[in-house]
Amino acid sequence: MVADTADGWTAIWYDGQKAWFADPAGSVSAPDTRSGRTVLTPRPGAASVPVYGRAYPEAAAYRGHPSIPVQQVVPLSATVPAGQAYPAADAEPVRGDFYYARNINGDAPEDRTLVVGCDTYYPIRYGHRLAYLKSTDVQGGSAAPACPGN
């Protein structure tokens, strides 16, 4: 997202900080709040929100799958501080999921099972990688779809 402009320079939010590049003619394009894209900012009152490297389901989603190890939802060391904004890679949040495939031939218990959770995430570009923000941590996106069974 465009974070700032100044006399032939444009800054974007990149990896949690302003990254400046020369833009003498004002011709370089970067998304801003007028772009029509889903723009995500930390929820009101949050000093910062965590950034995740994967969108795994919450532990409760594994209850009916005793053979599948729970994948921990662990944030990266990165955060999105209040005042920063990132465009969502998708307009709608995605559910956390994990595809369990233990053996190539599929003969392990519960092999080739997709575990889908209720927690939803927005994919964003953070630095040069795909990362995720929990939909409950941000504002600017659409409401998360209802979770089956809730």
Side-chain angles (χ1 to χ4, degrees), residues 1-4 10-21 23 28-150:
M1 298 301 302
V2 171
D4 205 354
T10 297
I12 60 170
W13 291 117
Y14 179 84
D15 212 12
Q17 57 190 337
K18 287 182 183 179
W20 289 92
F21 54 90
D23 187 16
V28 177
S29 176
D32 65 18
T33 56
R34 301 169 307 230
S35 68
R37 295 182 68 180
T38 299
V39 177
L40 304 171
T41 59
R43 70 184 178 283
S48 65
V49 296
V51 176
Y52 297 88
R54 294 182 173 91
Y56 283 144
E58 66 283 358
Y62 295 85
R63 276 194 202 120
H65 306 285
S67 301
I68 301 176
V70 174
Q71 303 301 305
Q72 297 298 317
V73 181
V74 179
L76 302 172
S77 60
T79 63
V80 174
Q84 291 188 11
Y86 285 83
D90 290 325
E92 301 293 324
V94 297
R95 291 205 183 285
D97 65 14
F98 175 68
Y99 185 70
Y100 181 68
R102 177 157 179 128
N103 294 336
I104 195 165
N105 64 358
D107 67 354
E110 297 192 89
D111 218 356
R112 299 181 181 163
T113 297
L114 179 64
V115 178
V116 180
C118 290
D119 288 352
T120 57
Y121 299 81
Y122 281 99
I124 63 167
R125 296 286 177 192
Y126 193 87
H128 279 298
R129 66 174 144 182
L130 186 63
Y132 298 89
L133 300 177
K134 276 191 179 179
S135 63
T136 55
D137 289 343
V138 296
Q139 66 178 2
S142 60
C147 185
N150 283 354

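None of these values were measured; they are calculated from a predicted model.
Between Tyr52 and Tyr121, the ring planes are perpendicular. Angles over 60° get that label, and only those under 30° would be called parallel.
Qualifying salt bridge (charged side-chain N to carboxylate O under 4.0 Å, His left out) partners for Asp90, counting only residues two or more places apart in sequence or in other chains: none. Under the side chain to side chain donor-acceptor pair (under 3.5 Å) criterion, Asp119 pairs with no residue, sequence neighbours left out.
A 6.0 Å sphere centred on CZ of Arg43 holds more than 12 heavy atoms belonging to other residues, nucleotides or ligands. Annotation for Ile104: atom CD1 does not count as buried by contact number, only 12 or fewer foreign heavy atoms lying within 6.0 Å. Other residues, nucleotides and ligands place no more than 12 heavy atoms under 6.0 Å from the CZ atom of Arg102.
Under the 4.5 Å side-chain criterion, counting only non-hydrogen atoms from C-beta, Leu76 is in contact with Arg129. No side-chain heavy atom of Tyr100 sits less than 4.5 Å from a side-chain heavy atom of Leu114. Counting only heavy atoms from C-beta outward, the side chains of Pro69 and Tyr62 never approach each other to under 4.5 Å. Considering only heavy atoms from C-beta on, Arg112 comes within 4.5 Å of Tyr99 through its side chain. Between Glu110 and Pro66 the shortest side-chain heavy-atom distance falls below 4.5 Å.
When all heavy atoms of Pro57 and Val73 are compared, the closest pair comes out as O-CG2, 3.5 Å. Between Pro81 and Ser48, the closest heavy-atom pair is CA-CB, 3.7 Å. Between Leu40 and Val138, the shortest heavy-atom distance links the atoms CD2-CG2, 3.9 Å. The minimum heavy-atom distance linking Tyr86 with Asp15 is given by the pair OH-N, 3.8 Å.
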Requested in this report: Evaluate the criterion ring-ring contact (aromatic ring centres under 6.0 Å, His included) for residue pair Phe98 and His65; output intermediate values, then yes/no.
Outcome: CA-CA 12 Å; Phe98 175 68; His65 306 285; over 10 Å; no
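Taken to the nearest 0.5 Å, the CG atom of Asp23 stands 11.0 Å off from the CD1 atom of Ile12.
Within the 3.5 Å criterion, the main-chain N or O of Cys118 finds a donor-acceptor partner in the side chain of Glu58.
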